[in-house]
Every structure is written in structure tokens, then in C-alpha cells.
Amino acid sequence: MTKSTHFNGKEWSEWQKDWAIEERYNFHTIEEKWQKIWDEEKAYKVEIDKDKEKFYALVEFPYPSGAGLHVGHPRSYTALDVISRKKRMQGFNVLYPMGFDAFGLPAENYAIKTGVHPAVSTAANIKNFTRQLKALGFSFDWDRSFATCDPEYYKWTQWMFIQLFKKGLAYKSKMAINWCPSCKVGLANEEVVNGCCERCGAQVVRKDKEQWMVAITKYADRLIDDLNDLDFIDRVKSQQINWIGRSEGAELDFAFGEDKLTVFTTRPDTAFGVTYMVLAPEHPFVQKYMSRFENPAEVQSYVKETAKKSDLQRTQSTDKTGVELKGIKAVNPFNGKEIPVFISDYVLTGYGTGAIMAVPAHDQRDYDFAKVFNLPIIQVLAGGDISEKAWEEDGEHINSDFLNGLNKEDGMKKAIDYASEHGFGRAKVNFKLRDWVFSRQRYWGEPIPMVYCEKCGWQPIPESELPLKLPEVTDFLPNDEGDSPLAKATEWVNTTCPCCGGKARRETDVMPNWAGSSWYFLRYCDPHNDKEFASKEALDYWMNVDWYNGGMEHTTLHLLYSRFWHKFLYDCGFVPTKEPYNRRTSHGMILAANGEKMSKSRGNVVNPDDIVEAYGADTFRLYEMFIGPFDQVAMWSEESLMGVYRFVGKVYSLFAKVKQVDMTEADTRAMHKAILEVTERIDQMKFNTAVSSMMTYVNYMSDLDVVPAEMYETLLRLMCPFTPHLCEEMWARLGHDDLLIKGSWPKGDAKLAEDNIVTYAVQICGKMRGTIEMPKNATKEEVQAKALELENVKRQLEGKEIRKVIVVPNRLINLVA
RNA sequence: GCGGACGUGGUGAAAUUGGUAGACACGCAGGAUUUAGGUUCCUGUGGCGCAAGUCAUGAGAGUUCAAGUCUCUCCGUCCGCACCA
């Protein structure tokens, strides 16, 4: 059956509009009206006010993509908008800012395709995002907004990079990068999807390039340890700890030719079980000793094969391959035994020392390798069945000389002590975290403010020359060598050395887009300052961010980078706190109705503009809060949204019943219950049940013939953070001439919320058999007497004797027979 | 493999932290109103049963007067990391 779109010659949508105006609230008019008023009054502008307690709420600023706002963005923004608005009503001086993380790939790709300068498309996108955000009525202080691509902003990003360089934390290093041979462009790891270029799909290869690196690993310990004092949700903490990957163990030196071959191990206690060693194919000793191997051709060819493989190929197969370095042996310093040495790609060059001692009896990977190459397996810890697989659990040491009889823990201590005493080992902590690759061979990013002089090496440009602005180019493609498009701006590239005044070349790579977002929360504190990135006064007042909400996908990127960056600034004395964020929460993704991700290619993207047009910003906001538990994924459902729309309409029409009358006791109870519940649930981020409480409260009022004004006003206050436009409108219609958003948050009274008649559950042997009404705080005897009057109870207890009675005051009575 | 989260009606989910399981919504059914059609309003709605009842929180055991909640075992789902020595 198809629906007719016409009725009486008129479009159905036209009818809809007419009726909406006549019968129920016209959200278009209301929302436009109040957005204009708030804007004109700069209602959300905030300044330092030392008489008031500050509250800094932060959401991750968006990348202004051409696609516009996604329905996922407002989930986070509305949540902290609700919190910010409530905090304001509770008397806090609230900073809730918004800006744009505006450097990035899509704008540059768009430029390559269309020739439109990234600055132009980005500006247009920011304009569109701003319009969309304003249409949703967020209480951002727009006077503090900026984009990371503003020269007044990236001046300070560059300045901070120079500080990193001066402290030795930024350095140049030759690194293999991901290279797309078709786009002729270097890709960041996150731009490589399944080993292929995200943009064109071509297979990505590795290419050695000189890269700027930032020594985040120097902060590895502090980045873990300082999590202790922070109120971050557990999954964020554990993911960061996991990513940093701290592991304690020892470094041990094995004799190898004239050299010492140092390995890292977490199990020094198993040293007597070492039956061979393995080097990463890239290990320097492989080339150094090549002439001494009996099988150099075989070794060389394995090295070459490994180099061709991408990281993905290398880790996809866990089948062990390798080549023995014939003609040379290593010596185990614990027992003087000679052992063979192999190269294999299961040993990674970037972790530890790029070499391992292999203990096949107690490490499954070594075990697998030993099986392939038929190597001896010596058990040194009792337990398991090593004819089947490696024994990785604890046990008593055997075949281990002075370690015999000890357990794992004691064995480790003793082994490390022994090694240090004899000068061939030491305790050592290793991390999985690598230094941060900070160069991108791109155009649309912050230029790295460094020049290279043959005589003086790498030099930062003088701070007085900041910002170092991006040069104009017309071709945004990199060249065949993989140089950034900036390399083509020869006039810009060729410069003089700030040190000796001689000829020098500018760095042509730009910063990754994680640079600008590493400190943006500091700039919000003092966004127009042109003397410093933010004044001490502003930082002292506003920092830390009290509550930061953002996506889980940034946990090991932006969130970790910015914590590091902030700690660095703290060490330099530029910021007053050692951590930037007191509290970190994370919202779940919003998926399409069928549980799939929303994406352009699937054609299931919901555009916030359409929802605002059809149902209004208030309904949209409230629905996003009602959709489900905030930290869990949620599925978009237009039908559910309808329910919220009906509720909002109900609140609107309730106004017709509002009169200046006194509240009954029951009214008072309902009101205070609502206040207490909504207040508590917002603080706990249980927005979905906060909305339920408001619905219950409204349902109560709907049943009344006359709604006391105080009840309705309280509803408006409670709902104002969620649906500010409607509440402000109804507030005005009640005759108030002040702004509700500047009003106060209601105070709930637990005593007034309580009923003096309570319902007891009556159980017999733990099974529900009925309920009884009792005055509050009745005695145990009174409750029991009343319970025994129930027909059902009498029947159940027939012929039985009550052995025990349990009464939970004001809750239940359990008769045990 | 390691780390984290989780498993409750037809659906999204609640449950005062051990105390009446399914709040609040969606959907559905019946009815009302209306301009045929709703994005309107009312009533009902976990399963089985005519009923008294009885069975129900992934499965199984345990602790307890009482378990969705605590303990153990197993099964399953999602997310992150992954040959990290």
C-alpha cells in the first residue's frame, strides 16, 4: 500500500506544518527566537571571575569535514552541554569551548582532486559546522573559538616544537615509512588500511626517510604512573597502560665474535634453558659478521625477503622461518655453553635489543621455532608436558645449577643478582611504546620551523619569525622522491641559517594533525593572547580541564600525546599542572538502525540538519541523551526519537493546565523525587534514566486537572539543560522576564520526597506472596501482624510453623516456615 | 594469546548496589477522536495457565532467609593490542 502524498490538493507536508502551528509547539519559531536572543546577549560568554568556582568542561573538537556534522558528534557535545548548563545553574563559572582541528588529509585530498586550496575548503567547512552546532543550541563560548590552522594558533604549536627541539626531545632519524607508490605520498599508520593506501587502494611499501621524531618514550613511566591520581574510566586507563607496554626484566650479554650480544628478557631465571639465540634480520651484527658466515648468500637472501614484507605480512603468519648463522656461535654466560645463532623475522628490530635468547621449553614461540629447526629443548622449570608445548607457568627450577629449587620470582631475582655481580647483565625495563613519528610529507599541516645548514646542522628559526606560514603552492602532490609539496616552493625553502647566516634549506615536511590538538585546551583559556600561548593568570584559573569527554579511538593517540605534551610544558614551567585532564569519560558510538556503522558508502548516514528540521533541536538533543547508556554503543531509531518528540510536545501542552495553586503532599513528593533523581543521574552520566525520571514526573502532572505553577517551573529548570529552547520559551510564557538558562538549579529534599506510607513485599521462604501498605517505620511486630492477615499468606502457611522472620525496614518481610 | 567491557521481554533498556525483575520508552493489540491516511488521545501488553498458580535475567553449580547483583566452572558477544622475548 502506498501512501498518498496529497490531500485536498495540498502536499501532506504542508498540512503537517499548518497543524503543527495550530495544535502544538512550533519548534522552528521557538528555537530560532531563543538562539538569536542568547547570541545577542552573549549569554554563554565567560570571563575569569575569582569569586566563583570555575568548571572547565571539554569535548574533543571536530575535524571540519566536508560531510558536516555526524549524529555521533552531538552525543558527546550534548552530554557535556547538559553538564555545563547544570553547573552554571548551580553557580559555577563554566568554560565550555569549541574549536576546530582543521589541518588534515581530507582537505588536502580534495585539493589534489579539485585544485581548491585547503584553506578555502576548510574555511567553508568550518562555517558549515558552526552553523550546524549553533542550530543545536550548545552553550559554547563562541568568542573563544579558533582553528588549529589559524596562523595565530599554529605560531604557538611551532613555538612548542622548538622548545621540544631545544630540550633534545625532537630529533631527526632515518625511519621506514609507509609509502604509496601510486599517490607518491607518505602515509601515517592510521592511513594504511590492511596494508593498502586508504585513498587509492594501492599496496603500501616501506621507504626509508629522514623523519622528525619526538621522544615520548622518555615519559613512558610517568604516563603510566600518573594515571593513578586521575579519574579516567577504567578502559581508558588500561588501554593506555597496555599500549605503553611496560615490562620488567633484564639485559644479558652473550659472547658473540669479538662483541657482546645483548638481549632483553623478562625471564632471566630460565637462562640455563637457552638452547639457541635469534637476531632480527635487521640486527647490525648480521651485516658486520657477514664475511664470517659459511652461508652468506642464504643469510642475505633471507634479510632481503624480510625487508620486502610489510609489517602486516610479517605478523600475519606465525609459522616460524629463519636461517642459521653458520660458522659462528654465541656463549651463554651462565654456563659457558656454545649455542647456535639464527636470524628470524619473529624477532622484531624495534623492541628490546632486536635479539633474544631462546628458551623453547618455556616460551611457546621459541618452542615452535625449535620444532621447525629440530633444536634441543631443555626444561628448567618443573611442570607441564614439554613434549606437547612450552610450560610458561611457575614451577620449581631444575637443571639450573644455583637456581635449582627456587620458584620463578626468587629465581629471577637471583639470576639478575648473579648476572650483575659477574658483569654480564642488569635489571632493565622495556616499553612497547615507540617515539612519535612527527613528520608528514604533506602540505596541509603546520610547517616544522627548522632549517638545515651544511655547517651548523638543524637549527630552529628565531622565535621572532613565528608563525612560519605555509607557502602558497598550486600543486599539492608530493614528488617522486616522496618530498612534501612544500619542497616545490623553492623561494620559501631556500633561506639563510639563523646561526651562521649562510645558505640553508627549510624543513619541507609538516607536523601530524595530532600536533595542534595536543594543547588546544590550553589555548581556550586565553585564545586571543598574542604574547604567549596563554597567560599564567588564565592557566592558573582555568586549568585543569575538569571533565573531558571524547571517543575511545583517541585513547592511544590524541589523549596520550596531549598528556605527554602537557607534561613537557609542565617540566618547562609553562603550565601549572602536571596532567591536563582530571576526569575522562567516553561515549559509545551511534550506529545505524541495523547495527552497522553509518557511512557514506552504505548510504545510512543520518544528517543532524534533517532531524533538526523535522523535529527540532530540543527533541534531537533529548533523544541523544535518552538513546541508551552513554558509554555504550547505541542504534539510531527514528521510532524511538518519535517517542521523545511526543514527550516534548506533552511538556509544551501541559502549559495550558498550569495555574497558581498550592501543591498537595503528593505533588511535593513527586517534585522532590524528580529533582533528586535528575540531579544525581546527570552527575553520574546516566542521562537515559535522568530523562526517564522527567518522563515519570510529566506523566504524574498529566494526570492532574490543574498543574501547580511551582511544579511546572521546576520541570523547566530540570529540563533546561536538555531542551533549553522549549524551557526558555515556556519560562517566558509564565511571565518571567529573566533568562531561565541563567536561573538556579532546584534543590531536592530527601525528606519531602518520601512517602509516609510504604509498601512492603511479603515473602514466604523468599518467594513473593503479596504486598502490604504500612505507615513508615512500623515495628517488626506490626508488619508481621499485617502480613499474616493476607489470605494468600494464610493459605501458604497452613499447617506450617514460622521459624524465622526477617524484616527489612520499609522494604520487605520474609516469613521462613 | 594478552587486556577491557558485557550477556535481562518482540526492541532500546531499568533495578535504590544483596531485598517486589522488566521503571521509562519503542513496537504490538484493542478502543476513541479525526480530514481516509498520524508525527493524536486512552487502555492493555514477559512466557505458560480459565484460575489459584507457576516458570523466567546466556548455561550449570555454590553462598544466603533472600541472588540479575556475590563466588566458581563453562558457553557466547563486542572493543583494543597482538611473534613486544
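Hydrogens, waters and symmetry mates are skipped; everything else that's a heavy atom, side chains included, is used. Order of the sequence lines sets the chain letters (A, B, ...), proteins ahead of strands, with each chain counted from 1.
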**Q** Return the 5'-most residue of the pair A/Phe626, A/Ala614 with respect to RNA chain B, ranking by each residue's nearest nucleotide.
**A** A/Phe626

**Q** Indicate yes or no: does A/Lys776 engage A/Glu754 in a salt bridge with an N to O separation below 4.0 Å.
**A** yes

**Q** According to the Watson-Crick and G-U wobble definitions, with both distances under 3.5 Å, which nucleotide is paired to B/C83?
**A** none

**Q** On a plain distance test, is the side chain of A/Lys320 in donor-acceptor contact with the base of B/C83 below 3.5 Å?
**A** yes

**Q** Is there a Watson-Crick or G-U wobble partner for B/G53 with both distances under 3.5 Å, and which nucleotide is it?
**A** B/C48

**Q** Just checking A/Asn699: base, sugar-phosphate only, or nothing, at a heavy-atom cut-off of under 4.0 Å?
**A** sugar-phosphate

**Q** Would you check if the side chain of A/Asp394 reaches a backbone N or O of A/Lys408 as a donor-acceptor pair within less than 3.5 Å?
**A** yes

**Q** Looking just at side-chain N and O atoms, do A/His554 and A/Glu60 make a donor-acceptor pair shorter than 3.5 Å?
**A** yes

**Q** Answer yes or no: side-chain N or O of A/Arg769 and base N or O of B/U20 forming a donor-acceptor pair under 3.5 Å.
**A** no

**Q** Need to verify one output field. Residue with the more 5' nearest nucleotide on RNA chain B, A/Gly628 or A/Ser637?
**A** A/Gly628

**Q** When you compare B/A15 with B/G68, how far apart are their C1' atoms, in angstrom units rounded to a whole number?
**A** 9 Å

**Q** For A/Thr759 and A/Glu773, does a side-chain donor sit closer than 3.5 Å to a side-chain acceptor?
**A** yes

**Q** Quick one: look up who B/A61 pairs with, Watson-Crick or G-U, both distances under 3.5 Å, and put none if it's unpaired.
**A** B/U71

